[in-house]
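Data block below; observations after.
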Amino acid sequence: MPNDRNVARKLLDRQGRTYADEAGISLADRPGPLYQLLVLTTLLSTRIRAGVALAAARELFAAGYRTPQAMEAASWQDRVDALGRGHYRRYDERTATMLGNSARLCLDRWHGDLRRMHREADGNRTALRRLLTEFPGIGPTGADIFLREAQTVWSDLRPYADRRTLAGARQLGLPANPGGLAGLVGEADFGRLASALVRVALGEEPAGKVTAAAR
């Protein structure tokens, strides 16, 4: 049987991109990229395939809606059209409304800068999750998505492993706890590992192929 470190390393080789990477977000501790992650989180929170949510995010960003100011200034129909180009059609009208309202909340509450939200939580994950769920369309699962991705730039969150991350770990026979998983990769790689494990949990990356490749 392959050892856990080999499995984690092979998984990173095969699926080492975060969802933010795949959506075209150059994630950094800056207002623009953090807002783009919030948009992606909103899209991923709906009952729709991750690939469709990613395509819709790329269309929104290609249309120029990379800041809360730009998202709010766009017409509702423009947002619907961008979502449609990403084939995000089942929930496009409702989501277009949520994105507009979310942009307004980001501007009103955080002056367009989610680093302010991070500072207000002061290292308290529970507080940060609660603040995230105030955004339209983001519930507990969405908050987990945001924090799982944000840990790549907010080091105080690491290691953050939500239930889907841990489900993927179980499928691969890896430790099903954040501390155990953190021991398998370098600290800076933990966010990538978490996203890769989610892909295993969602069936996007078959666990058997990873373990076979790691032998």
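- Between R115 and E120 there is no salt bridge, since none of the side-chain N atoms of the basic residue sits less than 4.0 Å from a carboxylate O of the acidic one.
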**Asked** Passes side chain to side chain contact (heavy atoms under 4.5 Å, CB included), Y19 versus I25? Steps please.
**Response** CA-CA 9 Å; Y19 283 93; I25 302 169; over 6 Å; no

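- One N or O on the side chain of R125 and one on the backbone of L157 form a donor-acceptor pair closer than 3.5 Å.
- Contact between A196 and Q15 at its shortest, heavy atoms only, is CB-O, 3.2 Å.
- If you take CG on L37 and CG on L27, they are separated by 5.5 Å, rounding to the nearest 0.5 Å.
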**Request:** For the pair D113 and Y35, evaluate side chain to side chain contact (heavy atoms under 4.5 Å, CB included) and give the outcome as yes or no after the intermediate values.
**Result:** CA-CA 8 Å; D113 187 350; Y35 172 71; over 6 Å; no

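- Using modelled atom types and a 3.5 Å distance limit, the side chains of D144 and Y160 yield a donor-acceptor pair.
- Under the 4.5 Å side-chain heavy-atom criterion for Ile, Leu, Val, Met, Phe, Trp and Tyr, V185 and V210 are members of the same hydrophobic cluster.
- Between the side chains of T46 and Y88, at least one donor N or O sits under 3.5 Å from an acceptor N or O.
- In this structure, OG on S102 lies 4.5 Å from CG on L38, to the nearest 0.5 angstrom.
- Side-chain contact between C106 and F135: present, with at least one pair of heavy atoms (C-beta onward) separated by less than 4.5 Å.
- Judged by distance alone, the side chain of D21 and the main-chain N or O of T18 form a donor-acceptor pair under 3.5 Å.
- Rounding to the nearest 0.5 Å gives a distance of 10.0 Å between CG of L12 and OG of S195.
- Here the closest non-hydrogen pair linking G208 and T211 is O-OG1, 3.1 Å.
- Taking CZ from R5 and CG from L174, the interatomic distance works out to 11.5 Å, rounded to the nearest 0.5 Å.
- Residue-environment remark: CZ (R90) stays at or below the threshold of 12 foreign heavy atoms within 6.0 Å.
- Between T133 and A143, the shortest heavy-atom contact is CG2-CB, 4.2 Å.
- With respect to E22, the salt bridge (Lys or Arg N to Asp or Glu O under 4.0 Å) criterion is satisfied by exactly one of R192, R17, R199: R199.
- Scanning both residues, G168 and A201, for their nearest heavy atoms gives N-CB, 3.7 Å.
- For T141, there are no side-chain hydrogen bond (donor to acceptor under 3.5 Å, both in side chains) partners, not counting sequence neighbours.
- Y65 and A82 get closest at one heavy-atom pair: CE1-CB, 4.4 Å.
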**Request:** Output, in order, the C-alpha distance, side-chain angles, deciding distance and verdict of salt bridge (Lys or Arg N to Asp or Glu O under 4.0 Å) for R9 and D13.
**Result:** CA-CA 6 Å; R9 188 178 307 114; D13 288 344; over 6 Å; no

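- Results of the side-chain contact (heavy atoms from CB on, under 4.5 Å) test with R79 over L99, T97, T95, D92 single out L99 as the only residue that passes.
- Between the side chain of E93 and the main chain of V80, no donor-acceptor pair closer than 3.5 Å is present.
- The closest side-chain heavy-atom distance from L83 to L43 is below 4.5 Å.
- Under the 4.5 Å side-chain contact rule for hydrophobic residues, V200 and L181 share a cluster.
- Distance check: L132 CG to T42 OG1 gives 9.5 Å after rounding to the nearest 0.5 Å.
- Between the side chain of R170 and the main chain of P175, no donor-acceptor pair closer than 3.5 Å is present.
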**Request:** Please assess E204 against R49 for the test salt bridge (Lys or Arg N to Asp or Glu O under 4.0 Å), listing each intermediate value before the final yes or no.
**Result:** CA-CA 10 Å; E204 298 173 12; R49 288 188 300 108; over 6 Å; no

**Request:** Could you walk me through whether H118 and D29 pass side-chain hydrogen bond (donor to acceptor under 3.5 Å, both in side chains), step by step?
**Result:** CA-CA 10 Å; H118 186 206; D29 192 23; 5.1 Å; no

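- Within the cation-pi definition used here (under 6.0 Å to the ring centroid, within 45° of the axis), R129 does not qualify as a partner of F146.
- With rounding to the nearest 0.5 angstrom, the CG atom of L131 is 10.5 Å from the CG atom of L114.
- By the rule that hydrophobic residues join a cluster once side-chain heavy atoms approach within less than 4.5 Å of another member, L60 and L107 end up as members of separate clusters.
- Under a hydrophobic clustering in which Ile, Leu, Val, Met, Phe, Trp and Tyr are joined whenever their side-chain heavy atoms come within less than 4.5 Å, directly or via other members, M98 and I138 fall into different clusters.
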**Request:** For the pair E205 and K209, evaluate salt bridge (Lys or Arg N to Asp or Glu O under 4.0 Å) and give the outcome as yes or no after the intermediate values.
**Result:** CA-CA 8 Å; E205 175 65 22; K209 287 188 175 182; over 6 Å; no

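- Linking ILVMFWY residues whenever their side-chain heavy atoms come closer than 4.5 Å, directly or via other members, leaves L166 and L44 in distinct clusters.
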**Request:** Step by step, work out the side-chain hydrogen bond (donor to acceptor under 3.5 Å, both in side chains) result for Q36 and R66.
**Result:** CA-CA 6 Å; Q36 292 156 31; R66 290 180 167 270; 3.1 Å; yes

**Request:** Would you please test E134 and R109 for side chain to side chain contact (heavy atoms under 4.5 Å, CB included) and show each step?
**Result:** CA-CA 10 Å; E134 293 179 8; R109 180 77 184 272; 2.7 Å; yes

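- Note on R104 versus E72: salt bridge recorded, some NZ/NE/NH1/NH2 to OD/OE distance being below 4.0 Å.
- In this view, R85 and E59 satisfy the side-chain hydrogen bond (donor to acceptor under 3.5 Å, both in side chains) rule, not counting sequence neighbours.
- Applying the salt bridge (Lys or Arg N to Asp or Glu O under 4.0 Å) test to D122 and every residue at least two apart in sequence or in another chain returns nothing.
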**Message:** I'd like to know whether D162 forms a salt bridge (Lys or Arg N to Asp or Glu O under 4.0 Å) with R164, so could you lay out the CA-CA distance, the side-chain angles of the two residues, the decisive distance to 0.1 Å, and finally the verdict.
**Reply:** CA-CA 6 Å; D162 63 350; R164 282 182 175 167; over 6 Å; no

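- Taking each heavy atom of A53 and L40 in turn, the nearest pair found is O-CD1, 4.4 Å.
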**Asked** How far apart are the C-alpha atoms of R148 and V198, what are their side-chain angles, what is the distance that settles it, and do they pass the side chain to side chain contact (heavy atoms under 4.5 Å, CB included) test?
**Response** CA-CA 10 Å; R148 188 182 71 222; V198 170; 3.5 Å; yes

